[in-house]
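Here is the structure we will look at.
Values reported hereafter were calculated over all heavy atoms of this structure, with side chains retained and with hydrogens, waters and symmetry mates removed. First the proteins, then the strands, lettered A, B, ... as listed; each starts at 1.
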Protein chains: 2
Amino acid sequence: MDVRSVRSPAMTDVAKLAGVSHQTVSRVLNDHPNVREQTRLRVRAAIAELGYRPNRAARALVTGRSQLIGIVAQNTTLYGPASLLAAFEQAAAEAGFAVSVGSVNRLDRESIAGAVDRHLDQRVAGLVVIAPVASADDALEGMPEDVPLVTIDGDPARSQALVTVDQAAGARLATQRLLGAGHRTVWHVSGPPDWYDAAGRIEGWRSALQAAGAEIPPMVAGQWSPSSGYDAGRMLARMPEVTAIFTANDAQALGLLRALNERGLRVPADVSVIGFDDVPEAAYYIPPLTTVRQSFHEVAHAGLELLLQQISGSATEGEQVVIAPTLVERASVAEPRA
Amino acid sequence: MDVRSVRSPAMTDVAKLAGVSHQTVSRVLNDHPNVREQTRLRVRAAIAELGYRPNRAARALVTGRSQLIGIVAQNTTLYGPASLLAAFEQAAAEAGFAVSVGSVNRLDRESIAGAVDRHLDQRVAGLVVIAPVASADDALEGMPEDVPLVTIDGDPARSQALVTVDQAAGARLATQRLLGAGHRTVWHVSGPPDWYDAAGRIEGWRSALQAAGAEIPPMVAGQWSPSSGYDAGRMLARMPEVTAIFTANDAQALGLLRALNERGLRVPADVSVIGFDDVPEAAYYIPPLTTVRQSFHEVAHAGLELLLQQISGSATEGEQVVIAPTLVERASVAEPRA
DNA sequence: GCGCGTATTGTTAGCGATCACAAGAACGGC
DNA sequence: GCCGTTCTTGTGATCGCTAACAATACGCGC
């Protein structure tokens with residue numbers, strides 16, 4: 001009696017206590033139909049009494065699948081990826097899956113492939129890859145066919161399961177808002193054009209101008225960083241004809257706002273600005289930033305659902321989900337001065 | 001010949017190809033000493049030829065330990081936690097470990113315990129818990145003794161392995177900088193006082209004032225959010241005697257800057273401000289924010305090292321590591337007006 | 001009463017690694 | 001030439017679970 005077992009209880013211990021075979025315990029655990037209600041209860045009681053928890057490694061060994069979902073993301077320090085990651089983790093936890101992260105520093109083929117490989121090592125049940133540039137998509141080319149895969153932000157032209165945000169629609173929203181306020185045209189500080197997101201926003205901006213019959217000014221090519229917004233701002237501040245600017249993200253807008261401020265230009269009185277992302281700080285920029293919000297929560301949920309469908313084998317081939325962004329009105333847009 | 005095996009190769013396949021027993025393959029894989037060099041090479045070649053990768057589930061089953069590290073964090077959307085997570089993931093990957101995240105929404109006992117439990121289910125090799133408030137520490141009380149555990153930001157009074165940033169030192173740095181610029185005293189907008197970080201910053205601020213013989217003004221209690229900085233700013237802006245403010249983090253400082261700006265106060269000409277965190281955007285606030293930087297990279301590395309020591313059994317009892325923050329000078333500090 | 005289908009439970013055989021132990025080879029000392 | 005070490009390799013059991021199959025019980029129709 002005094003000799004307490006050091007190791008945690010296994011299925012056979014539960015079986016012994018409940019007076020059944022270990023297989024019956026397994027059936028109860030996996031909700032198999034053909035178990036008598038009374039037996040099921042007895043097993044449940046034994047499980048509770050022993051504080052038994054199934055050994056996932058053993059299960060993974062025999063089924064060949066773990067309850068782990070791998071996620072490959074880049075630069076998870078930034079607001080966007082970090083939010084996506086958090087949303088994913090939460091959604092997965094609700095579905096009984098754990099999430100293993102593999103962040104990469106660069107989005108080249110090699111880095112991505114390495115991260116994917118590490119996850120495959122762990123025998124993940126499925127894989128989510130955030131592939132915002134073509135090179136990341138490319139790295140997925142040689143993937144084994146049999147592991148469920150969902151791509152986020154990837155190339156819609158590929159036939160994988162994919163979740164994206166309709167960047168062009170968001171850009172159109174922003175551009176139309178500025179045109180609607182009476183601006184003759186809208187300037188755009190872009191993100192790195194090899195990113196799908198940036199390309200989509202450029203396209204949406206262009207198409208909205210075109211549809212409105214407005215002049216299409218040259219695009220100012222930038223990066224995602226505040227510093228590139230700052231640089232663009234210094235340049236645009238010298239051009240009096242610039243009265244409305246749409247930036248590819250909020251960080252850029254922050255830098256832009258500072259550059260305009262330094263040059264003595266007031267936002268929105270002199271220049272109107274719209275960003276993209278709706279980071280938590282955007283409401284406290286000077287002035288509060290009107291911006292486009294993309295719901296990472298929706299993206300994560302849609303992505304997980306697609307993945308779970310594949311895992312359970314009920315997947316429709318190459319399904320794609322597109323999430324619509326929305327415009328968040330704050331105080332950085334006004335009519336142009338007469 | 002044409003019948004290609006569907007399943008991935010196992011150790012016995014490698015053994016057969018190399019003409020040795022599976023046990024010898026295992027020895028090569030685990031770098032056991034007593035294997036003849038020639039044999040080792042033959043096995044390595046066979047491994048490469050088959051593209052063999054060991055099955056972690058099988059290994060975990062027999063050893064009782066996975067190559068997974070669990071990490072419990074709150075609100076991983078914020079810059080601080082997100083950075084810590086990313087740094088940890090990277091450090092762990094270098095050491096051959098995968099990282100499983102469990103974010104929690106609230107820091108109460110129950111949430112933390114739940115996240116810990118889910119990780120224990122996965123049979124993690126070790127656990128990192130970010131425990132910035134007492135309730136999180138409390139949740140760790142009932143933890144099984146045998147799983148390696150490192151706490152980040154926890155209570156130094158407890159005897160666990162712990163990594164913290166010396167918040168008080170950082171606050172002293174900021175306060176002394178402002179006093180050094182000639183301000184009679186420094187006001188402080190605090191974080192939620194039940195957070196260890198916030199408490200440390202309050203204490204450092206107080207002690208620096210005390211040491212300098214400066215008057216200690218009432219503390220303005222805030223949250224971590226920009227809105228609380230904004231609220232504090234609106235109040236402080238009405239008080240002409242306020243010339244120097246130290247905020248508990250950069251997000252607060254952002255809100256504060258906007259409130260001051262709205263009231264027509266210039267920073268740093270009228271009021272000097274120092275923040276805490278050095279978020280990437282801080283350099284692009286208006287004006288660029290002088291702030292205190294804590295190196296998440298160092299924290300993560302120290303934490304992982306402590307954890308790996310425990311996992312390998314070479315741990316010194318209850319070791320604690322303290323990381324020193326540094327001051328980052330920008331443009332939000334100046335001498336007070338005469 | 002016999003046969004058959006269905007619900008419930010048990011038995012056995014792996015999954016793919018590690019561990020403990022044993023066996024054979026090589027080598028030096030007497 | 002025999003014996004005891006040390007180095008190297010192999011054998012068999014085992015981890016805790018699920019899958020496949022077997023066995024038993026029960027009910028029903030003829």
Side-chain angles (χ1 to χ4, degrees), chain A residues 5-44 46-47 50-68 96 120-123 125 146 311-313, chain B residues 5-44 46-47 50-68 96 120-123 125 146 311:
Chain A
S5 146
V6 186
R7 81 186 209 304
S8 53
M11 202 173 256
T12 49
D13 300 320
V14 176
K16 210 169 296 169
L17 182 60
V20 297
S21 78
H22 63 134
Q23 178 60 355
T24 299
V25 177
S26 170
R27 279 192 267 256
V28 171
L29 243 41
N30 293 291
D31 286 324
H32 274 251
N34 297 333
V35 177
R36 198 157 37 138
E37 194 52 30
Q38 185 190 334
T39 314
R40 191 184 300 274
L41 257 46
R42 228 171 42 226
V43 171
R44 286 258 160 74
I47 288 175
L50 292 176
Y52 165 77
R53 60 177 64 188
N55 183 324
R56 303 227 176 192
R59 172 181 296 178
L61 177 58
V62 62
T63 60
R65 280 273 133 95
S66 63
Q67 287 285 96
L68 240 196
L120 257 30
D121 252 21
Q122 297 279 332
R123 295 286 202 280
D146 60 335
I311 291 175
S312 70
Chain B
S5 143
V6 186
R7 82 188 208 301
S8 55
M11 201 173 255
T12 49
D13 301 320
V14 176
K16 210 170 294 170
L17 182 60
V20 297
S21 77
H22 63 132
Q23 177 59 2
T24 299
V25 177
S26 170
R27 279 191 268 257
V28 170
L29 243 41
N30 294 291
D31 286 325
H32 274 251
N34 296 334
V35 177
R36 198 158 36 137
E37 194 52 30
Q38 184 189 335
T39 313
R40 190 184 300 274
L41 257 48
R42 227 170 45 226
V43 170
R44 286 257 158 75
I47 288 174
L50 292 177
Y52 164 76
R53 60 177 64 188
N55 184 322
R56 304 227 177 191
R59 173 180 296 177
L61 177 57
V62 62
T63 60
R65 280 272 131 96
S66 65
Q67 287 284 97
L68 239 198
L120 258 29
D121 251 21
Q122 297 279 331
R123 293 288 203 279
D146 60 335
I311 290 175

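Defining each end axis of the helix from C:dG1-D:dC30 to C:dC30-D:dG1 as the rotation carrying four pairs' C1' atoms onto the next four, with five pairs an end, the two axes are found to diverge by 60° to 10 degrees.
When the salt bridge (charged side-chain N to carboxylate O under 4.0 Å, His left out) test is applied to B:Arg42, no partner is found at least two apart in sequence or on another chain. Under the salt bridge (charged side-chain N to carboxylate O under 4.0 Å, His left out) criterion, B:Arg27 pairs with no residue at all, not counting sequence neighbours. Annotation: salt bridge (charged side-chain N to carboxylate O under 4.0 Å, His left out) contacts of B:Arg44 (sequence neighbours excluded): B:Asp31.
The nearest pair of heavy atoms linking A:Ser66 to A:Ala125 is O-CB, 3.1 Å. Across all their heavy atoms, A:Ala46 and A:Ala18 have their closest contact at CB-CB, 3.9 Å.
To the nearest 0.5 angstrom, B:Arg40 atom CZ is 10.0 Å from B:His32 atom NE2. How far CG of B:Leu29 is from CE of B:Met11: 5.0 Å, rounded to the nearest 0.5 Å. Separation of atoms CZ (B:Arg59) and CG (B:Leu61) is listed at 12.5 Å; rounding is to 0.5 Å. Atom-to-atom distance recorded for B:Ser8:OG and B:Arg53:CZ is 8.5 Å, nearest 0.5 angstrom.
Taking the 5' to 3' direction, DNA chain D first and last meets chain B under 4.0 angstrom from a heavy atom at D:dT8 to D:dG16.
A side-chain contact (heavy atoms from CB on, under 4.5 Å) with B:Leu17 holds for exactly one of B:Leu50, B:Val43, B:Ile47; it is B:Leu50.
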What are the atom names and distances for every N/O pair under 3.5 Å that joins the protein to nucleotides 10-17 of chain C?
from: C:dG10; atom 1: OP2; to: A:Ser21; atom 2: N; distance (Å): 2.8
from: C:dG10; atom 1: OP2; to: A:Ser21; atom 2: OG; distance (Å): 3.2
from: C:dG10; atom 1: OP2; to: A:Thr24; atom 2: OG1; distance (Å): 3.0
from: C:dG10; atom 1: N7; to: A:Arg27; atom 2: NH2; distance (Å): 2.8
from: C:dG10; atom 1: O6; to: A:Arg27; atom 2: NH1; distance (Å): 3.4
from: C:dA17; atom 1: OP1; to: B:Tyr52; atom 2: OH; distance (Å): 2.6
from: C:dA17; atom 1: OP1; to: B:Asn55; atom 2: N; distance (Å): 2.9
from: C:dA17; atom 1: OP2; to: B:Met11; atom 2: N; distance (Å): 2.3
from: C:dA17; atom 1: O5'; to: B:Tyr52; atom 2: OH; distance (Å): 3.4

